[in-house]
Amino acid sequence: MLATTTLPSRRTPLSAQLAASLQQRLPLVGPQYGAPPARRPWPLLRGALLLALAALAGFAAGVASRGGVGEALAAAAEPALPASAASAAGWCTRTHAVTTWSGAAVPVCNWSTCAGREGLRELSGASAQPRWAANGARERYMQLAFNATDADAIDGWLDEPHVRYVDAFTEMQHDAGVFGSVVEIGVHAGKFFIALAGAASEDEPALAVDLFESQSDNVDGSGRGSRAAVLRNLDAVGLPRGGVTLLAANSLSLTAANLSALGLPAARLVSVDGGHSLENTLHDLMLASCVLADGGIAVLDDFTNPTWTGVAEAAAHFASAQSRLRLLFVAHNKAYFTTASHKARYVRAMQARQGVFGCRDLHSSRRALGGSEACYGGPAGEPGQLQATLQTAMERSYHHHTSSLEARLFEELAEPDDDEVPMHLRSGACSSSAAARAPGRRAAPGAAPRPGAAAALRPGAPRRARAPSPRRAAAPGDAPAPRAAPASSAAMAAAPASPPVQIGANKMFGGVNRRYRHASAALGCDMTFTVFFPPGADPGGEPGAPPPPPAGAGAPVPVLYYLSGLTCTDENVIQKAGAQRGCAAAGLAFVAPDTSPRGLGVEGEAEAWDFGVGAGFYVNATQPKWAAWRMYDYVTKELPALLASSFPGLDTATASIMGHSMGGHGALTVALKNPGVYRSVSAFAPICNPCAVPWGVKAFTGYFGADAKELWAAHDASELVARYAGPALPCLIDTGTTDSFLEVQLKPEVFEAAAAAAGFPVTMRMQEGYDHSYFFMATFMDEHVAFHSKALKP
């Protein structure tokens, strides 16, 4: 029969009495139970853990209403943990904690999680027969997990190749004499857990850990485990229940002692898919490392998912702080780690199974998380997605004072220069190396400079300048290439635009998202933008090539421009807001540019998330230091001209514009400053009166100077609408009533009053209970697209 149990909530360890009761209730999971060993008296470490508990409480209170939010790192120096904590653990090579946005210190390599690991028995052998091989369960699973569309389908988020990966890794581990239990932390409805349990031998216990009925502890909403759904799916697949245990527990309460008390052998494979906050992921990674046998594999879900940025943050910190687990394989949103003792063997075995893993690149440790080489087997755009994940973390949490999450990840990855990375692995922003795209990189106090691109990008070190051409970065020993000065508006209009080069494409709603890079004359660097081409308007094209000549004479489609908010790139809205659905139905092209120049090496360009890189505010800066920040010219002149010359299928003369936050400010000001150019304008949570709010004052002071108030007013939507004298301009603005920036930064009431006084019609909607996030935008995006479609296709 199936064994089930429940552990106390939070960090309460198992008592001897509970262990004894488990022995009576769960006779199938192991031969012996016992009380967990007493914890070692590490007072300072326990204090750090109490701080971490307080952080979790603050996290629940502060962000539960916003859904899952990857925690941002505070800019303050990381507090040190006592050396005794690490000295007890040979794996912990660094003694530090990270500071969450709530201000609490969270241990990175927390050896107390491993208490009792000596009680995990070793499994020296097992049957070669997979649990689901005898009765056709695997075939039924594949049908229900990936091919069923009715109520019988297994709910969850899993790409089919991971089933093949698990089968292959199981075979590789058994060949290496590695046996043990399989464990998943966070099972939702069991989609991946059933694959793990099914591929395992009948002699290898399978443990599913989830909150199940205690969803009040699910503060970030990352999945919603259902015991009933797991049981139903196990039965539907026909997987034998023997040796399968469902454990109701908050993973933050688990240590190795709890698993040894269940009589489990050391784990062969652990899937980490529980809470996706920084604290949860760090704890669960450490727990996996503690309970894995030598040669075991840990699988980290949502590694490249920009919705759950705490996962990638935690992976970067964890890899830098311990020596046991090394990155082995990255594909389809999951990262596979294994013990250093077996990594080389598994890499060779993966090379022999190219048909399964499809490894594109076995590359150096400068690319991998602390290892000698790692295999990348997923979609070509996924490494760039990893970078976008951390950029999104800044956007989702930018009301907190943060250091650059992207910089932190690439500090740990120590990614090489682009010339050393195969083209399909490059993520394609302005700078000559991926690390150069990371704002705000700071060296740790007393740290020695690291070689390569990472060291060259620290404050005080010379930045490698880059000419506008995207062809090649400077080779070692080359003289730095001078940065090209941005062109004036007149020169830019006269100069022929270099064609954009495609760097990514994804089909969506019958149309295609195509991402491009080009050399910008307005900004003096390479820029990226994405175009969603609706069905029937896609020009086609290949990676690394300019758009092909038009193949037919179909009617050009109107263009809807979208300007993004602080810290964003062109990818955020493309990946998260869902505008493509409405644009596909309406026959509109959706164009999303980046938010600023990148990689120009201007001193201080990346020291703040709300100024400089990722914060161009859609103005033409007049201060000499920021002369390249000419985003107004870029979005109103250069980009439309480039689209017109490169994509005959776009009707750039029939255009509307929209945006969010800083981009909402940009959309309003661009439309109001160019009467008759745009058929309509809309905004989500725009900065309506930047002259009078902290974000705007900071940006305008930096870009224009403190005394240039006429220039400030020329880029303030509330000032512009008061004197607008152009043709009718339909205007729609949505703002959430629970937006944390509403009163201090947005000021929609100022714009509404100015518009009313000027007789300018505007539809101003306050959306009850919505915040500043993409969840808010996605909710009302279809309405905004329909609003623009009515103006563009009357």
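Please read all numbers here as calculations on a predicted model, not as lab measurements.
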Look at the aromatic rings of Phe169 and Phe357 and report parallel, tilted or perpendicular, splitting at 30° and 60°.
tilted

Disulfide bond (SG atoms under 2.5 Å apart) pairs touching residues 238-293, sequence neighbours excluded, are Cys114-Cys290

Report the relative orientation of the aromatic rings in His162 and Tyr336; use parallel for angles under 30°, tilted for 30 to 60°, perpendicular for over 60°.
parallel

When you look at Asn513 and Thr530, which way does the side chain to side chain donor-acceptor pair (under 3.5 Å) test go after all the steps?
CA-CA 7 Å; Asn513 298 314; Thr530 299; over 6 Å; no

Taking salt bridge (charged side-chain N to carboxylate O under 4.0 Å, His left out) as the cut-off, I'd like each qualifying pair that reaches into residues 315-324, sequence neighbours left out, listed once.
Asp294-Arg324

4.5 Å side-chain heavy-atom contact, Pro240 and Arg131:
yes

What residues, two or more places apart in sequence or in another chain, satisfy ring-ring contact (aromatic ring centres under 6.0 Å, His included) together with Phe590?
Tyr562

Listed partners of Glu171 passing salt bridge (Lys or Arg N to Asp or Glu O under 4.0 Å), at least two apart
Arg353

Can you name the residues that form a salt bridge (Lys or Arg N to Asp or Glu O under 4.0 Å) with Asp155, not counting sequence neighbours?
none

Cation-pi geometry met for Lys334 and Phe192 (6.0 Å, 45°)
yes

Among all residues two or more places apart in sequence or in another chain, which pass the salt bridge (Lys or Arg N to Asp or Glu O under 4.0 Å) test with Arg138?
Asp167

Please name all residues satisfying ring-ring contact (aromatic ring centres under 6.0 Å, His included) with Phe533, sequence neighbours left out, ordered by chain then number.
Phe647

Contact between Asp302 and Asn333 at the side-chain level, heavy atoms closer than 4.5 Å - yes or no?
yes

Excluding sequence neighbours, so at least two apart, what forms side-chain hydrogen bond (donor to acceptor under 3.5 Å, both in side chains) with Asp782?
Arg581

Partners of Ala577 by side chain to side chain contact (heavy atoms under 4.5 Å, CB included), sequence neighbours excluded?
Val573, Tyr774, Met781

Set of salt bridge (Lys or Arg N to Asp or Glu O under 4.0 Å) partners for Glu204, sequence neighbours left out:
Arg268

Considering only residues two or more places apart or on different chains, which pairs with a residue in residues 502-514 satisfy salt bridge (charged side-chain N to carboxylate O under 4.0 Å, His left out)?
Arg514-Asp538

For His342, check ring-ring contact (aromatic ring centres under 6.0 Å, His included) against everything at least two apart and list the hits.
Tyr346

Greater than 12 external heavy atoms within 6.0 Å of Glu542's CD:
no

